[in-house]
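Below, chain A is the first sequence line, B the second, and so on; all start at residue 1.
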Amino acid sequence: MTSARLGVPDLGVGIGLRVPHYQRLFAERPALDFVEIISENFMGVGGRPRYHLERALETYRVVQHGVALGIGGPEAPTERYLGRLKELARVTRTPWVSDHFCWCGAGGAHLHDLLPLPFTPELVRTVADRARRLQDELGVPFALENTSSYLTYKGSVLAEWEFIGEIAERANIGLLFDVNNVFVTAYNHGLDPVDFVRQVPHERIVQIHLAGHSNLGTHIIDTHDRHVSEPVWDLYRLAIELTGPVSTLIEWDDQIPELEVVLAEAARAKVERERALAARSAGLSTLDDECLRAVRDAARADPSHKDDAGHGMRQGGPRESAGVNNDAPEAAE
Amino acid sequence: MTSAAELQEELAGFLRHTRDLAQNEAARRFAEAHLSGNERLSPVEQLEIYREQFFLRHTDSLVEDFPGLGGILGQDAWNELVWAYLATVVPTSYDLGELGEGLPAFIATRAGLAHRDLLVDMATLEWHHVVVFSAPDHPRLDPTKLSTVPEDAWERVRLVTDPALRLQRLRYPVGALRRRLVSAQGAANAEPVPLPAEAPSFLAIHRRDHLIQHDALDRLAFELLHAIASGQPLGVACETAATRTGVTLEALGPWLEGWFGDWAARGYVVDVVVGE
């Protein structure tokens, strides 16, 4: 672990804690720098979810990541939500809490999605104000993540990196920089992913997310259902070279493979991270012009491309109840 | 100029539409006015990506939580019901698990459903499963607390029930049906599961050691436990149970000690509060 930035330590490389891995993870306890939980799966609950959380806390450093705060929505997050989030942070002793630059609903509806925000000064003020107050209330560092997006607003007047950088600066919070989301968004909206990674305020980055995506040709969906793509590994090294050592997480939320596959992906992240850090120390880069050109080319939309569609955006993976038979075998009636 | 909040409220409304937004004139106009689109996807096609994902995500959640309902209805009728529900009931909680709370009431009033009472029973049972699965943990009843209750205070005592306990009056034996349907869903070439005849019963649905138990209760015990769980002091709860079942309080008396011992042992009752 190296020195903290914005009060957030570099924990190394971790994986998302997901239901299909519980049995082996808690039996075999493989070495992991940290695990990340989806906050909402463990807020205000007992029973099996709470039991599994306690098993995870016995062995691993647990970091909280949320998918339902909706910090940029028309309505501020509810007291019920915030109270439960704070209580969970007390239980997990998470070194930081994160969520997304997004909105999740309006008019009282919660749509359980990470909807993109218009990049406007109005929303910079709203989100920064809420994020600053939330960080004060939580008593631990807070970070927000750039999302994948499938639409853009005519009313946006800032570049995405300006929008998120300005909020982070005003609120004095961290950035959770999702490099796969950069690639997805760049592909979907004709942006230069290399430029995106270079422009974001690196001194604010406190964690990086990596995941796989599904390319449907006309657009990419952030499915988290496969290996990290090669151009995203390249962008990851670029981000580390520019940022320095920050905690990195492998997200695999759908079509979840055996534990060793996810652990192997985390092992690769360690290798890529070390390569990038070594280059950074030497004042060099692991990405030459040809490599950067290849990343830009890969992010250029190709409607003839078609991955297996995958299921869709399953942010945060299966729910704690999914696929678990909790019924007693000899139930009487 | 449209504010961010106005834009978001209008956009959120379109995401809950049940049909492809490309066919929806209002959605097309909204998208053309506010979204950029690109050379591959028109503005309304970009919006449609999110609408489709809304239905995928919420449908998945209901399918996971209500396997018995799906088993009774069959794929087509279940899909139709889920879509009608999602078009009617607005999800308001951050917790996707709460999405199905209104499903029993929705089924109870939905026109044209065969086996409606059976479906309502099943939906209610499966909603109880969702609640009981992750209800907060509560320590077991401390037996020494019972000995501190003064003899003359028992009528005023409130027994606190476990947050992981739910009670249900059944018209059909849906617990057994659910087990058969779930097991048939996981089996290749499973025989169709016959639907049961009406057979009223009383059930406690309770989580013990992380497993959800179905415990059959007789009617008198059920009515008493139900009254206790609703917060009535013990004396009032006994009167309620006696009135509902037509027995006298004197007839109820001999059963109480055995029931309380059983309920404490099972973990239904987790605390005792002496009222004023």
Between [atom1] of [X] and [atom2] of [Y], what distance do you get to the nearest 0.5 Å?
X	Y	atom1	atom2	result
Arg319(A)	Leu96(B)	CZ	CG	5.0 Å
His112(A)	Ser93(B)	NE2	OG	6.0 Å
Ser149(A)	Gln46(B)	OG	CD	8.5 Å
Gln8(B)	Leu115(A)	CD	CG	8.5 Å
Arg40(B)	Asp302(A)	CZ	CG	9.5 Å
Leu41(B)	Thr218(A)	CG	OG1	4.5 Å

Could you tell me which of [options] has the largest number of non-hydrogen atom pairs under 4.5 Å with chain A?
options	result
Ala12(B), Ala5(B), Pro91(B)	Pro91(B)
Asp65(B), Leu217(B), Asp209(B)	Asp65(B)
Leu11(B), Leu99(B), Val132(B)	Leu11(B)

Below 4.5 Å from any heavy atom of chain A, which atoms of [X] appear? Answer side chain, backbone, both or neither.
X	value
Asn38(B)	side chain
Leu35(B)	both
His138(B)	neither
Tyr94(B)	both
Ala33(B)	backbone
Ala135(B)	backbone
Leu7(B)	side chain
Arg178(B)	side chain

Atom group of [X] that falls short of 4.5 Å from chain B, counting heavy atoms:
X	value
Thr126(A)	neither
Leu117(A)	side chain
Thr152(A)	both
Leu123(A)	side chain

In this structure, are over 12 heavy atoms from other groups packed under 6.0 Å from [X] atom [atom1]?
X	atom1	result
Glu58(A)	CD	yes
Gln23(A)	CD	no
Arg19(B)	CZ	no

Checklist entry - Which pair of heavy atoms, one from Gly107(A) and one from Glu9(B), lies closest together, and at what distance? => result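 Looks like N-CG, 4.1 Å.
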Could you tell me whether the side chain of [X] and the main chain of [Y] form a donor-acceptor pair under 3.5 Å?
X	Y	result
Tyr50(B)	Tyr150(A)	yes
Lys154(A)	Ala31(B)	no
His110(A)	Val90(B)	no

Checklist entry - Where do Val45(A) and Asp137(B) land on the side chain to side chain contact (heavy atoms under 4.5 Å, CB included) test, with the steps shown first? => result CA-CA 8 Å; Val45(A) 302; Asp137(B) 298 317; over 6 Å; no
Checklist entry - Between Asp113(A) and Arg57(B), is there a salt bridge with N-O shorter than 4.0 Å? => result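 Yes, charged N to carboxylate O under 4.0 Å.
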Item to check | Test: Glu98(B) and Arg80(A) ion pair at under 4.0 Å | outcome: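 Judged by the 4.0 Å cut-off on N to carboxylate O distance, Glu98(B) and Arg80(A) do form a salt bridge.
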Next on the checklist: Quick check for you: among Gly70(A), Gly217(A), Gly155(A), Pro74(A), which has the greatest number of heavy-atom pairs under 4.5 Å with chain B?
Outcome noted: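 Looking at each option in turn, the highest pair count goes to Pro74(A).
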Next on the checklist: Students often mix this up, so state it plainly: with edges at 30° and 60°, are the rings of His210(B) and Tyr51(A) parallel, tilted or perpendicular?
Outcome noted: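 Rings of His210(B) and Tyr51(A): tilted, as their planes differ by 30° to 60°.
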Checklist entry - Quick one: does Leu211(B)'s side chain get under 4.5 Å of Arg48(A)'s, heavy atoms only? => result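 Yes; the side chains approach each other to less than 4.5 Å.
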